[in-house]
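Report on the following structure.
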Amino acid sequence: RYRKLIARAEKRGLTNIQLFRGNARIIIPRYFTSPCFERIYVLFPDPWPKPRHAFHRLLSVEFLRQLANLLKSSGDIVLATDWQPYADWVVENVVQVEGLRNTGSPYSEEANLNPSGEQTFFEKLWRSKGREIYFVRIERRH
């Protein structure tokens, strides 16, 4: 996926993109230390559905706290997943993070704030298999 993204960015002539390859929980705090993001997209992360693997899930309370500190005052996080228990788990975690709040319905198509309107590879794949997509929008509280 990483190499494909590089090729696509070059093909489109995108110069305002920076890709990092690695574990987001390590890379993000290493390279970003102050509020610099208006929006953070977390699109179809591995849900690690088995209870014994849940500690691998990306949007833990601890990681949400890190992301909250990197959002500008009006910033938000947009999650897309095809697994409702993962969306439920994230909504439960957001409640535990000071400075964040879930906006409106936890599974709202309106939360899909992709400005291009294009579907990602995984969104197309899961929709073609008849799966529902769950969007969660999380705002930084003032």
Side-chain angles (χ1 to χ4, degrees), residues 1-12 14 16-142:
R1 299 245 169 255
Y2 180 80
R3 285 190 289 271
K4 285 182 180 181
L5 283 172
I6 291 171
R8 287 181 187 150
E10 289 173 355
K11 183 178 178 180
R12 292 181 180 185
L14 299 176
N16 64 342
I17 187 170
Q18 179 67 51
L19 297 175
F20 295 89
R21 183 177 179 184
N23 185 328
R25 282 176 252 155
I26 296 168
I27 290 173
I28 288 177
R30 182 177 294 165
Y31 291 99
F32 304 98
T33 57
S34 61
C36 57
F37 294 108
E38 292 176 12
R39 175 163 293 143
I40 298 171
Y41 287 98
V42 182
L43 304 175
F44 304 95
D46 190 331
W48 294 96
K50 294 180 181 174
R52 70 177 185 264
H53 296 145
F55 70 93
H56 290 295
R57 293 178 187 161
L58 182 61
L59 292 178
S60 65
V61 171
E62 179 183 324
F63 193 61
L64 283 167
R65 282 189 183 117
Q66 290 178 349
L67 295 180
N69 291 329
L70 297 176
L71 286 172
K72 293 182 178 181
S73 63
S74 60
D76 61 2
I77 301 166
V78 176
L79 165 70
T81 182
D82 64 308
W83 199 55
Q84 185 174 356
Y86 188 82
D88 294 339
W89 181 78
V90 171
V91 168
E92 291 170 13
N93 289 347
V94 168
V95 173
Q96 300 177 57
V97 179
E98 187 176 335
L100 291 181
R101 73 179 180 96
N102 180 37
T103 60
S105 170
Y107 315 117
S108 169
E109 284 289 334
E110 291 79 40
N112 182 2
L113 299 170
N114 183 345
S116 73
E118 290 183 46
Q119 294 180 355
T120 67
F121 171 83
F122 284 108
E123 184 174 356
K124 287 178 192 173
L125 176 66
W126 300 143
R127 286 188 189 276
S128 75
K129 295 181 182 285
R131 294 188 188 174
E132 188 167 346
I133 306 301
Y134 304 92
F135 296 98
V136 178
R137 183 170 177 247
I138 304 160
E139 282 185 333
R140 182 170 177 199
R141 285 190 298 210
H142 302 291

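Not measured: the values here are computed from a predicted model.
Proximity of Ile28 to Phe63: side-chain heavy atoms (C-beta onward) are separated by under 4.5 Å at one or more points. Side-chain contact between Ile77 and Leu64: present, with at least one pair of heavy atoms (C-beta onward) separated by less than 4.5 Å. In this structure the side chain of Tyr86 reaches within 4.5 angstrom of the side chain of Leu58, judged on heavy atoms. Side-chain atoms of Val90 and Ile138, non-hydrogen and from C-beta on, do get closer than 4.5 Å to each other.
Not a single donor-acceptor pair under 3.5 Å links the side chain of Asp76 to the backbone N or O of Arg137.
Annotation: ring pair (Phe, Tyr, Trp, His ring centres under 6.0 Å) contacts of Phe55 (sequence neighbours excluded): none. By the salt bridge (Lys or Arg N to Asp or Glu O under 4.0 Å) test, Glu38 pairs with Lys72, sequence neighbours left out. Residues forming a side-chain hydrogen bond (donor to acceptor under 3.5 Å, both in side chains) with Arg25 (at least two apart in sequence, or on another chain): none.
Partner Asp82 forms a salt bridge (Lys or Arg N to Asp or Glu O under 4.0 Å) with one of Lys129, Arg131, Lys124 and no other, that one being Arg131.
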Steps toward side chain to side chain contact (heavy atoms under 4.5 Å, CB included) verdict (Leu67, Val97): CA-CA 10 Å; Leu67 295 180; Val97 179; over 6 Å; no

Side chain to side chain contact (heavy atoms under 4.5 Å, CB included) between Leu71 and Ile40, intermediate numbers included: CA-CA 8 Å; Leu71 286 172; Ile40 298 171; 3.8 Å; yes

Full working for side chain to side chain contact (heavy atoms under 4.5 Å, CB included) between Arg21 and Arg3: CA-CA 10 Å; Arg21 183 177 179 184; Arg3 285 190 289 271; 4.1 Å; yes

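For Tyr31, the OH atom counts as loosely surrounded, since its 6.0 Å shell holds 12 or fewer non-hydrogen atoms of other residues, nucleotides or ligands. Within a 6.0 Å sphere centred on CD of Glu62, other residues, nucleotides and ligands contribute 12 heavy atoms or fewer.
One finds no salt bridge joining Arg141 and Glu139 here, because no Lys/Arg side-chain nitrogen approaches an Asp/Glu carboxylate oxygen to under 4.0 Å.
Note on ring orientation: taking the six-membered ring where Trp is involved, the planes of Phe122 and Phe44 are tilted (angle from 30° to 60°).
Judged by the 6.0 Å and 45° rule, Arg30 forms no cation-pi pair with Phe20.
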